[in-house]
Trainee: 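The structure follows.
Sequence lines set the chain letters: A, B, ... in the order given, protein chains first and strands last, and positions in each chain run from 1.
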Amino acid sequence: MSQTANNIFAAVLARVHAAVNALVAEGALPDGLDLSRILVEPPREAAHGDMAANAAMVLAKPAGKKPRELAEALAAKLRNEALIEQAGVAGPGFINLTLTRVAWLDALRAALAAGPDYGRSDIGRGEAVNVEYVSANPTGPMHVGHGRGAVFGDALANLLDFTGHRVTREYYVNDAGAQVDVLARSAFLRYREALGEDIGLIPDGLYPGDYLKPVGESLAQEFGPSLKGTPEPEWLPVVRTRAIEAMLAVIKDDLAALNVRHGLFFSERSLADRLQNAVEATIAALRAKGLIYEGRLPPPKGQPIEDWEDREQTLFRATEFGDDVDRPLMKSDGSYTYFASDIAYHKSKFDRGFRNMIDVWGADHGGYVKRMQAAVKAVSDGTAELDIKLVQLVRLLRGGEPVKMSKRAGEFVTLREVVDEVGRDAVRFMMLYRKNDAPLDFDLAKVIEQSRDNPVFYVQYGHARGQSVFRNAREVLPELPEEPTARADVLREAPLDRLDDPAELALIKRLALYPRVVEAAASAHEPHRIAFYLYELASEFHAQYTRGNASPHLRFIIQNDPLLTKARLALVQGVVAVLASGLALLGVGAPEEMR
RNA sequence: GGUCCCGUAGCUCAGCCGGAUAGAGCAGCGGUUUCCUAAACCGAAGGUCACAGGUUCGAGUCCUGUCGGGACCGCCA
């Protein structure tokens with residue numbers, strides 16, 4: 001599918017480029033102008049027409065022309081285009097374009113022809129992108145904050161896939177650090193408990209959650225009392241492996257409940273084990289580039305650190321790449337820092353061919369962004385791009401009141417509890433109905449409310465309502481197929497010129513915006529734009545539906561006029577298809593009916 | 001002390017790689033409506049885009065600084 005058949009804005013932009021090239025051919029403009037900054041966008045003011053082009057203002061300086069004169073010359077060319085009804089010059093040199101009614105009706109027809117591919121784009125040009133998200137430590141069930149990152153990453157991956165990228169969805173399993181040893185000790189305690197021992201309170205520093213009890217029980221079943229008498233170095237690796245496995249299973253289950261998928265679970269431990277110690281190799285490679293040295297760091301300012309010892313350590317020259325200080329790679333006990341293995345991990349992404357990487361992190365890791373980006377620049381010699389999306393914290397509310405979570409470790413509301421209570425669709429939509437870097441209030445009472453206040457319901461209801469219209473339309477158009485593609489094919493033949501209500505035309509224009517929104521959301525890595533667009537589309541659709549109450553001649557189904565009905569159903573089909581497409585990008589269901 | 005994020009209507013938030021007179025929902029105000037699937041619709045009002053400079057044809061958007069809120073701050077993950 002070519003872009004311009006799919007995207008009327010791209011089609012008009014192509015005409016603007018043609019007009020510029022025509023002026024170049026005539027000698028009125030110099031050759032070699034940069035056209036990339038030319039945009040065709042919907043103007044804020046409807047009075048300015050359907051689209052506005054900034055070409056004259058962008059080209060005026062390099063061409064040595066006055067913007068308004070250039071705009072006039074371009075407008076004259078554009079007036080000859082079949083798509084374009086009017087082309088005027090306004091303000092500092094905008095070219096305001098009004099498209100013909102036929103052009104808009106054709107856009108709807110093209111959308112119906114594209115079916116589920118409407119909005120698909122090839123801006124990614126098949127490029128490989130690695131999206132890493134969730135990457136929660138395998139030490140317990142996921143909490144709500146993890147859920148936001150999970151949904152964000154999953155939707156972003158969907159978007160990139162839809163826009164022509166080759167997407168790998170990845171989860172980095174931190175199964176090598178000290179925290180999984182803590183997990184093992186915690187599980188060992190539960191193991192002793194399962195054998196009948198009274199373990200009392202879980203000591204500070206260990207994971208107290210009940211979710212480890214089943215791990216203890218299965219250890220007791222597998223080993224009986226045989227582990228009890230052995231020293232820690234003997235049982236720990238065994239218990240650790242079992243516990244990590246069990247926690248990963250819990251996490252995968254939580255992710256499945258949210259409909260979040262990954263293509264690859266990448267084990268940190270495998271960097272040391274299977275890849276011939278990739279961490280060492282990575283450090284050696286950086287050392288060869290002169291980016292590693294032994295040196296001292298100044299103590300951090302502000303809060304003094306109790307046990308600060310000024311010592312010489314192995315440092316990465318992060319400052320060479322825009323970080324504030326150089327970063328240590330070895331702990332005082334001689335083992336690698338988390339950062340060191342994270343460099344190796346990102347190098348492995350690079351080695352696997354990724355020049356585009358996206359990491360989705362919680363906002364509490366914000367202090368880590370610069371050094372990671374510095375590391376990616378270093379291992380890739382500046383050829384790879386790492387975008388790090390921070391998702392802000394989620395505040396759980398119920399009816400406006402914060403949900404009480406005990407400070408005592410272990411008592412928190414898990415993601416799973418929230419999903420089970422309000423449903424996967426509500427969780428996903430609400431978490432995407434906010435920019436990733438804005439904090440999110442998640443109200444458990446509100447998201448199950450059936451009202452306009454609740455965008456999840458409102459958008460899903462838009463889809464269900466459209467489906468309901470089709471069910472009711474059988475009386476007037478009994479031959480209309482139920483299967484969406486077949487139905488769209490039939491409706492594409494409808495006499496669309498019967499759509500003459502201004503609101504109907506406005507809806508068509510809204511539908512024509514969809515491919516543009518998809519591209520913008522994908523290239524900005526901002527899935528929330530899809531959610532907002534869907535809300536607006538649903539709102540406009542509901543409004544038109546409701547107008548039919550007071551003005552029966554505006555209803556979609558007109559008993560004695562099958563042709564008009566067919567034309568209006570074509571519009572409904574467009575709305576339903578785009579709602580379904582957008583909801584699918586967000587990973588939210590598009591229901592046939594609301595219950 | 002430093003780094004990062006945020007500051008837009010009474011509230012919750014959008015604002016599309018800088019674009020024309022800054023938008024939506026809710027609440028409040030005025031009116032309409034009891035319906036093809038209902039949980040409504042129309043209209044008016046509401047703003048020093050935190051503040052001060054700068055960049056340019058043009059700044060809510062980019063840069064610098066200040067103020068306010070949040071997160072983080074050798075080796076933890």
Trainee: Aromatic rings A:Tyr535 and A:Tyr433: how do their planes relate, parallel, tilted or perpendicular, breaks at 30° and 60°?
Mentor: tilted

Trainee: ring-ring contact (aromatic ring centres under 6.0 Å, His included) with A:His48: which residues, sequence neighbours excluded?
Mentor: none

Trainee: List in chain and number order the residues that pass ring-ring contact (aromatic ring centres under 6.0 Å, His included) with A:Tyr336, two or more places apart in sequence or in another chain; answer none if no residue qualifies.
Mentor: none

Trainee: Side chains of A:Arg487 and A:Gln573: do they bring a donor and an acceptor to under 3.5 Å?
Mentor: yes

Trainee: What's the closest nucleotide to the A:Leu390 side chain, out of B:U3, B:C4, B:U37?
Mentor: B:C4

Trainee: So what stems show up for RNA chain B if we need 3 or more Watson-Crick or G-U pairs in a row, all under 3.5 Å?
Mentor: B:1-7 with B:67-73, B:10-13 with B:23-26, B:29-32 with B:40-43, B:50-54 with B:62-66

Trainee: Could you note down all residue pairs passing salt bridge (Lys or Arg N to Asp or Glu O under 4.0 Å) where residues 561-570 of chain A supplies at least one of them, sequence neighbours left out?
Mentor: A:Arg498-A:Asp561, A:Glu504-A:Arg568

Trainee: Going by modelled atom types, is there a donor-acceptor pair between the base of B:A39 and the side chain of A:Tyr458 at under 3.5 Å?
Mentor: no

Trainee: Provide the full list of salt bridge (Lys or Arg N to Asp or Glu O under 4.0 Å) pairs with a residue in residues 532-549 of chain A, sequence neighbours left out, each pair given once.
Mentor: A:Arg510-A:Glu536, A:Arg510-A:Glu540

Trainee: Got a sec, which residues hit ring-ring contact (aromatic ring centres under 6.0 Å, His included) with A:Phe442, two or more places apart in sequence or on another chain?
Mentor: none

Trainee: Dump every N/O contact between nucleotides 11-18 of chain B and the protein below 3.5 Å, one line per pair.
Mentor:
from  : atom 1 : to       : atom 2 : distance (Å)
B:U12 : O2'    : A:Arg434 : NH1    : 3.4
B:C13 : O5'    : A:Arg434 : NH1    : 3.0
B:A14 : OP1    : A:Lys435 : N      : 3.0
B:G15 : OP1    : A:His528 : NE2    : 2.9
B:G15 : OP2    : A:Lys435 : NZ     : 3.3
B:C16 : O2'    : A:Arg529 : NH1    : 3.2
B:C16 : O2     : A:Arg516 : NH1    : 2.8

Trainee: Test of understanding: with salt bridge (Lys or Arg N to Asp or Glu O under 4.0 Å), list the residues that count as partners of A:Lys370, not counting sequence neighbours.
Mentor: A:Asp324

Trainee: Going by the salt bridge (Lys or Arg N to Asp or Glu O under 4.0 Å) test, which pairs reach into residues 549-560 of chain A, not counting sequence neighbours?
Mentor: none

Trainee: Restricting to nitrogen or oxygen on both sides, can you table the protein-nucleotides 42-46 of chain B pairs closer than 3.5 Å?
Mentor:
from  : atom 1 : to       : atom 2 : distance (Å)
B:C42 : OP1    : A:Arg547 : NH2    : 3.3

Trainee: Looking across every strand, which nucleic acid part, if any, lies under 4.0 Å from A:Thr337 by heavy atom: base, sugar-phosphate, or nothing?
Mentor: sugar-phosphate

Trainee: Is the closest side-chain donor-acceptor distance between A:His346 and A:Asp359 under 3.5 Å?
Mentor: yes

Trainee: Heavy atoms from C-beta onward define the side chain here; which of B:C35, B:U3, B:U37 lies closest to that of A:Tyr545?
Mentor: B:U37

Trainee: Return yes if the base of B:A40 and the side-chain atoms of A:Asn549 contain a donor-acceptor N/O pair under 3.5 Å, otherwise no.
Mentor: no

Trainee: Give me, pair by pair, the N or O atoms of the protein and of nucleotides 63-72 of chain B that are less than 3.5 Å apart, along with how far apart they are.
Mentor:
from  : atom 1 : to       : atom 2 : distance (Å)
B:A71 : O2'    : A:Ala363 : O      : 3.4

Trainee: Quick one, which residues of residues 463-475 of chain A touch RNA chain B with a heavy atom under 4.0 Å?
Mentor: A:Arg465, A:Ser468, A:Arg471, A:Asn472

